[in-house]
Amino acid sequence: MFRNLLLIRDFFPFRLLIAHLKYNFFGLFLWVLLFAIVTETTGSFFGVPFLFFSPEYQGEVNIWSFLLLGFSLGGFSMAFNTYSYAKLGPRFPFLVVVSIPFFKFCLNNSLLPLLFIIIYLFNMSVFQSNEELAFISDIILFNLSFIGGFLSFILLSILYFFPLRKNRDKDDDEPDHNESLIASITVNKNEKWYNYFRTETKRPCYYIGKKLRIYKSRSVAHLDKELIDQIYAHNRINVVVFEVITLVSFLGMGFFRNYTFFEMPAAMSMITLLTILSMLLSAFLAWFHRWGYPLIVGSIFLMTYLSSVTPLFRYTSYAIGLDYSEQKRVPYTVEQIAANGEEKSELIMSNHAINEILLNWKSKQSEVKPKLIILNTSGGGSRSALWTFTVLSNCDSITNCAVSNKLQLITGASGGMIGAAYYREILLRRKMGVLKTKSDLTYKQNISKDLLNKLAFSASTNDLLIRYKKFKYNNHSYTHERGVAFEQHLHQNLYNYLEHPLEYYKEFEKESIIPLMIFSPTIINDGRRLLISSQNLSFLVAARAGSSAYENIDYQTFFKRNNPSEIRFSTVLRANASFPFIMPMMTMPTKPEIQLMDAGIRDNYGGKVTIDYLFANSKWIENNTSGVIILETRDTKRVLNDESYHEINLMDKITLPFGNIIINFPHTQDYDQEQLMKLCSKSFKFPVDVVTFNLRERKEERISLSWRLTKREKQKIEQAFSSAENKQALKRLTSLLFH
């Protein structure tokens, strides 16, 4: 038993693993992150593991997507090896007297990549069978493709590194013929057992060598230390050259981002990003050694300072269509916000416009006092987009379009608003007679397509370092970054149905041919909300009369010098759905610059906008309708049917004070909005009924919060409409509409 322990202790792959723990924490951390993803320990809520288990290439999950993913993992593994060799190689000087030292190092350093591949392929196969409903033959091909891609990069690397270093003493790794590998471990019977764990530097290593046989390392005592250092210095140069070539190749693909052939699966982009970070750090440390980390920290502080006083390193994401010329930038001050909120001419014009819109809406109703429907749709990525579209489509089908005919306002956050905008566009095209007859199934397939590949590809090949690509829109030049890539992918999926400026919808909304849409992205600088619509919304800012805070800012009024109506509609959708880190914050043309993020940060269900809207138009609604129906499409029920709680342990006591903000974030909004609705309803002289369609009713019905859905998830969303609770909601909705 003791002899076996000693063999493990001196086994080179094991000693390398210990060395990683002691000296290479960064490289090890990246592997831990990948292991956590493929074991669904982290990122499951956002569907990150699914990107690895079911990668898409050119809109399909196929052998090519797995081949590319395997190729990228091969690149990451070689980056790990080169980084590790430069950092750990000198700690094992016996490598200079073996043939092809770097190859032998990689062979013995392959424990983590091999273990990762085994775990990944097993979990991927199970996922493909259960979630993507793949055949066994397809799963086998996916496994072989992934392995083939991995080995392809390894082979290319070996062809480069093969002549790196030849043995100066002999050309093979054969041990002395009279020596027993196992017996040599315990050559001194009288030596204390604990000394084997103390004399690390002089202990022999047992490494995997030629023909995968195990060899004992030879002494290098006869070699001059300066000679050994020179050999490793030469090796590091070769490693850095290889890293630079690989890095330039990966980043160079960013030039071809508009060609679908070069469009990576999102998981490949993630691995590529980790590879780039690993190689950059490796090259930096290879040249600066112990000064590397202080220089990295110093560089970050310098970049931060320069970004605050110059345009450098700001990584601006623009609102496409707006004028960013210096002379038209709007001062963002408390005084300017108040002045815009109190502008009488804008308020008069806005009140007149909303009154005209409501009258036009009523003229299209058959009843004297019809029900007015307001849609509140929640954020939640692609799941909310598809769920909102499904609910509206199915409700219209069952009620003979009564829902869309009485729908007067749409508001909400993130994916839900994208699904609602797409449905509204289809309604408009049908009314205009320009849409060919198609079943709603076709549109559901479009709205549920992958939206991550272009975004992730742009992030890994362009956004990380230098945003070198520009493009023009309405004679204005903008940076091509991952936010723009998201918009391009959205247009591609939806056949350019939403490729309009915001102004395109103004007259259609004014005539009530389609419902009004109000977007409310959050201003990160101070927590206010920017209310965006094709209409002037000053009447909603005035609805908060008596408050000096001016929580709402009307987009049309505040940015009237910047051509606000020319903003691209998909840019408005993106501003309303800018999930942290996944998509960049949107910079607006102000001084100082303000940043917009997801509406869900302040109002994930559209409740606050709805309350303001009802207050502002309460008199008209009271006199002209029989009440309001707030139609909610929620991606998660307020209180899940199988909600349970557990005892708080020691780690919870440490993390919950901080994690509580994130974990209970949606619940907090629910509690606040329910209380707000209850208090406000007492002030209204008309009935307000809330009808809710929930996508997720139980914990086990989890669908990832992502811009990518699996086949099983799409099925779950379609089936959710037929749940017992949603059937009751539909029955209540029809009762309110027709009785």
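Along the sequence shown, residues carry numbers from 1. In what follows, every heavy atom counts, from backbone to side chain, and hydrogens, waters and symmetry copies are set aside.
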Residues that Q675 engages under side chain to side chain contact (heavy atoms under 4.5 Å, CB included), provided they are two or more places apart: L679
Going by the rule side chain to side chain contact (heavy atoms under 4.5 Å, CB included), which residues pair with S384 if we only count those two or more places apart in sequence or in a different chain?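 Testing S384 for side chain to side chain contact (heavy atoms under 4.5 Å, CB included), a comparison that skips the adjacent residues, returns S378, D635.
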To the nearest 0.5 Å, tell me how far [X] [atom1] sits from [Y] [atom2].
{"X": "S520", "Y": "N552", "atom1": "OG", "atom2": "CG", "result": "8.5 Å"}
{"X": "Q58", "Y": "D450", "atom1": "CD", "atom2": "CG", "result": "12.5 Å"}
{"X": "K369", "Y": "N624", "atom1": "NZ", "atom2": "CG", "result": "7.5 Å"}
{"X": "L428", "Y": "E509", "atom1": "CG", "atom2": "CD", "result": "10.0 Å"}
{"X": "L705", "Y": "I703", "atom1": "CG", "atom2": "CD1", "result": "11.5 Å"}
{"X": "N617", "Y": "Q408", "atom1": "CG", "atom2": "CD", "result": "7.5 Å"}

With [X], the side chain to side chain contact (heavy atoms under 4.5 Å, CB included) member among [options]:
{"X": "C395", "options": "L733, V691, L407", "value": "L733"}
{"X": "N376", "options": "D603, T610, L409", "value": "T610"}
{"X": "F389", "options": "I426, T633, I418", "value": "I426"}
{"X": "L631", "options": "T377, I373, I374", "value": "I373"}

I want to check something: taking the side chain as every heavy atom from C-beta on, are [X] and [Y] in contact at a cut-off of under 4.5 Å?
{"X": "M585", "Y": "I524", "value": "yes"}
{"X": "P515", "Y": "I410", "value": "yes"}
{"X": "I611", "Y": "M677", "value": "yes"}
{"X": "R634", "Y": "W387", "value": "no"}
{"X": "N355", "Y": "L359", "value": "yes"}
{"X": "P49", "Y": "E40", "value": "yes"}
{"X": "T571", "Y": "M586", "value": "yes"}

Ion pair check, R529 and D554, cut-off under 4.0 Å: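 The answer is no: the pair does not qualify as a salt bridge.
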N-O pairing of K714 and E718 below 4.0 Å: no
Please step through side chain to side chain donor-acceptor pair (under 3.5 Å) for the pair N453 and Y57, ending with a clear verdict. CA-CA 8 Å; N453 279 4; Y57 176 62; over 6 Å; no
Taking the ring of F569 and the ring of Y504, is the distance between their centroids below 6.0 Å? no
F579 ring center within less than 6.0 Å of W707 ring center: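 Not under 6.0 Å, so no.
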Mind running side chain to side chain donor-acceptor pair (under 3.5 Å) on S704 and S706 for me, showing each step along the way? CA-CA 6 Å; S704 58; S706 174; 5.0 Å; no
If I compare all heavy atoms of [X] with all of [Y], which pair ends up nearest, and what's the gap?
{"X": "K406", "Y": "P370", "answer": "NZ-CB, 4.1 Å"}
{"X": "S534", "Y": "K506", "answer": "OG-CA, 3.5 Å"}
{"X": "L540", "Y": "A616", "answer": "CD2-CB, 4.3 Å"}
{"X": "S393", "Y": "K444", "answer": "OG-CE, 4.2 Å"}
{"X": "P521", "Y": "I532", "answer": "CG-CD1, 3.8 Å"}
{"X": "L392", "Y": "A420", "answer": "CD1-CA, 4.4 Å"}

Could you tell me if [X] sits above the aromatic ring of [Y], with its cationic atom closer than 6.0 Å to the ring centre and no more than 45 degrees from the axis?
{"X": "R708", "Y": "F50", "value": "no"}
{"X": "R424", "Y": "Y505", "value": "yes"}
{"X": "R528", "Y": "Y550", "value": "no"}

Test side-chain contact (heavy atoms from CB on, under 4.5 Å) applied to L51 and M270, step by step: CA-CA 10 Å; L51 303 177; M270 293 175 63; 4.1 Å; yes
Hey, is [atom1] on [X] packed in by over 12 heavy atoms from elsewhere, all under 6.0 Å?
{"X": "K731", "atom1": "NZ", "value": "no"}
{"X": "K711", "atom1": "NZ", "value": "no"}
{"X": "K510", "atom1": "NZ", "value": "no"}
{"X": "K431", "atom1": "NZ", "value": "yes"}
{"X": "H500", "atom1": "NE2", "value": "yes"}
{"X": "F738", "atom1": "CZ", "value": "yes"}
{"X": "K449", "atom1": "NZ", "value": "yes"}

Set of residues satisfying salt bridge (charged side-chain N to carboxylate O under 4.0 Å, His left out) with respect to R568, sequence neighbours excluded: E487, E499
State, without any angle test, whether S54 and E132 hold a side-chain donor-acceptor pair at a distance under 3.5 Å. yes
For E713 and R383: C-alpha separation, side-chain torsions, deciding distance, then whether salt bridge (Lys or Arg N to Asp or Glu O under 4.0 Å) applies. CA-CA 8 Å; E713 287 176 331; R383 71 186 184 195; over 6 Å; no
Ring geometry between [Y] and [X] (parallel below 30°, tilted from 30 to 60°, perpendicular above 60°):
{"X": "F53", "Y": "F127", "answer": "tilted"}
{"X": "Y443", "Y": "Y497", "answer": "tilted"}
{"X": "F686", "Y": "F684", "answer": "parallel"}

Does the S723 side chain pair with the main chain of A720, one donor and one acceptor, at a distance under 3.5 Å?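 Confirmed, S723 side chain pairs with A720 backbone.
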Tell me, with the steps shown, if S317 and R482 meet side chain to side chain donor-acceptor pair (under 3.5 Å). CA-CA 9 Å; S317 179; R482 67 185 185 277; over 6 Å; no
For a side chain to side chain donor-acceptor pair (under 3.5 Å) check, start with the C-alpha distance between N536 and T557, then their side-chain angles and the critical distance, and finish with the verdict. CA-CA 7 Å; N536 187 304; T557 303; 3.3 Å; yes
